[in-house]
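All remarks here apply to the structure that follows.
So you know, we letter chains A, B, ... as the sequences are listed, proteins then strands, and number each from 1.
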Amino acid sequence: MDSPRTTGPRYRFAPSPTGFFHVGGARTALWNWALAHSEGGTFVLRIEDTDEARNQPEWTQGIIDALAWIGIGADDPHFEGPYFQSHYAEQHVAAAQQLFASGDAYYCDMTAADVEARNKAEGNQGYQGWSRDRGLEHGPGRVLRFRVPEGTTTVHDLVRGEVAFDNVLIEDFVLLRGNGSPMFLLANVVDDQAMAITHVVRAEEHLPNTPKQQMIWRALGHQPPVWAHVPVLVNEQRKKLSKRRDKVALEMYRDEGYMSAAMVNYLMTLGWTPKGESEIAEWPQMQADFRLEDVNHSPAFFDLKKLAAFNGEYIRMLTPEQFLAACRPWLFSDNAPFTADRFDEAKFLAMAPHIQPRCVTLADAAGVIDFLFLADPVIDRAAWAKTFAAPESVAVLRASTAAYEVLPLWNAEALKATLEITGEAHGLKLGKAQAPVRVAVTGRTVGPPLFEALEALGRDESLRRMRVAEAAVA
RNA sequence: GGCCCCAUCGUCUAGUGGCCUAGGACACCACCCUCUCAAGGUGGCGGCACGGGUUCGAAUCCCGUUGGGGCUGCCA
């Protein structure tokens, strides 16, 4: 362990690399991060990679990348780690031996099947402490179990208050597997002690583990940390978000064009509300204001619609330059509707204020102005048919082409004024008159403001498309 | 089954005994604005799970019921 870089409280985030990085984990990480920062403390990242069957090294990098995306990274002085739990196996075993020596733990040679069989025979559930007084020594296949004392274990929790557990109902849980490897309950505590963790802020699903861990802390001669169990995130069925069932991968949202700031802001509001009149808040403010005591006690539904609304808000707050920079990955991806060589920054920047309010995600931008950078617009057949079903449409298209050919100044204002006049001549309001031109030039009936788009497209290309359309409907 | 946690509009929440005729946001609906679509503006719909207490007074405190969730592994 490195020497701590700060002297304040020590928080930690301890994910296991068994899959994509979970949005629920992200919120827990964010809350720990805010606390470590505002209290002048440290955020320790520890990768709990002791489940050999399920761990994959690539998930570890995924966690680190995802954390970096939401602003939690090693370049910050409050960050420490990552540590890998698997590197500390010796300490875990040493702690287990200490517990055995002190009589707080004992060996048991019953297999899981043995326990099940005996329970079935006796009509019980769980492990009944059968090997407690058999005086078994360490041996192959023998597990080390914690000797749960009599009495009550009370957990002082910053969000739950005092929670009391009757020890009689806590079975003698396993510390070391039959193969000698440490289990989560033990490893987690030993690491927290080794890393001088003072505050354990984690999801509520760990609350039932806490009395067990607190007993280990004490048996090992340490004062337990400050506990805080925050509510879980749930899906529409109100079940805990699951990697199997639900769309929980932070990486996926990033790739779909959700902004980091929007995700962070949304996640923070799940179970907590920023001070002030708006729930849209800047990170420094949220970081300063966040308090565990203010956290809601009940589970929160991860609502995609609200996330999308937050994302739209954040996209609209961007300057054109920021917006362009943020959209680049999608503008130049293999899935972009146009090729990179046809893209024109100046045109995009000019249209940005009109693109932004039409985007839910950054990925949407390309689709909104694809016609600007395509050799030919992609024609929506239904839109075309509907628009040119009206006989005046063809006439308006011809007349406006003629009028635009002789337009002295090619700008949005002049283009609009001209089409207004052309439309009037055919007894059409601008709303109707613009439709054929829009379909001819953009291929669709919906899209950003037409005249600004025509200006950006340029006279030659605009007129070319209008003539192509004229020929097609003739 | 046992243990534990939780309970305000559909959703996220404000609310810590009188400022509550319960406030905001998202979603939804209507209207306005408008070159289409958005965005924006205005308005609307909609909630303290239920039953008992305590109190002059309860969304707020207590008890119970009901409902939901978590845990109950030689996973983490």
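Residue A:R177 has a polar side-chain atom (N or O) positioned under 4.0 Å from OP1 or OP2 of B:C75.
Below the 3.5 angstrom threshold, one finds a donor paired with an acceptor across the side chain of A:K306 and the base of B:A25. One can find a donor-acceptor pair under 3.5 Å joining the base of B:G1 and the side-chain atoms of A:Q125. For a distance-only test at 3.5 Å, the side chain of A:D303 fails to qualify as a donor-acceptor partner of the base of B:A27.
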Are there any protein N/O atoms within less than 3.5 Å of an N/O atom in nucleotides 39-41 of chain B, and if so, which ones and at what distance?
residue, atom, partner, partner atom, Å
B:A39, O3', A:R316, NH1, 3.2
B:G40, OP1, A:R316, NH1, 3.1

Heteroatom pairs (N/O) under 3.5 angstrom, protein to nucleotides 44-49 of chain B:
none

Scan nucleotides 3-5 of chain B against the protein and return all N/O pairs shorter than 3.5 Å with their distances rounded to 0.1 Å.
residue, atom, partner, partner atom, Å
B:C5, O2', A:R160, NH1, 2.9
B:C5, O2', A:E204, OE2, 2.4

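Between A:P182 and A:G126, the one whose closest nucleotide on RNA chain B sits nearer the 5' end is A:G126.
When heavy atoms are screened at a 4.0 angstrom cut-off, A:T111 is found touching base atoms of the nucleic acid.
Ring pair A:F310/A:Y266 is perpendicular by interplanar angle, where above 60° counts as perpendicular and below 30° as parallel. Using cut-offs of 30° and 60° on the angle between ring planes, the pair A:F348 and A:F323 is parallel. Between A:W227 and A:H229, the angle of the ring planes stays under 30°, which puts this pair in the parallel group of the 30/60° scheme.
For A:E279, whose side chain is taken as the heavy atoms from C-beta onward, the closest listed nucleotide among B:U13, B:A25, B:G70 is B:A25. Of the candidate nucleotides B:C71, B:A14, B:G69, B:C71 has the atom nearest to the side chain of A:E205.
For the side chain to side chain donor-acceptor pair (under 3.5 Å) test, residues two or more places apart in sequence or in another chain that qualify with A:E48 are A:R46, A:Q85, A:N188.
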(Q) Treating primed atoms plus P, OP1 and OP2 as sugar-phosphate and everything else as base, which nucleotides of nucleotides 28-35 of chain B get B, S or - for protein heavy atoms under 4.0 Å? (A) -------B
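For the side chain to side chain donor-acceptor pair (under 3.5 Å) condition, the pairs that include at least one residue of residues 89-98 of chain A, sequence neighbours left out, are A:H92-A:D191.
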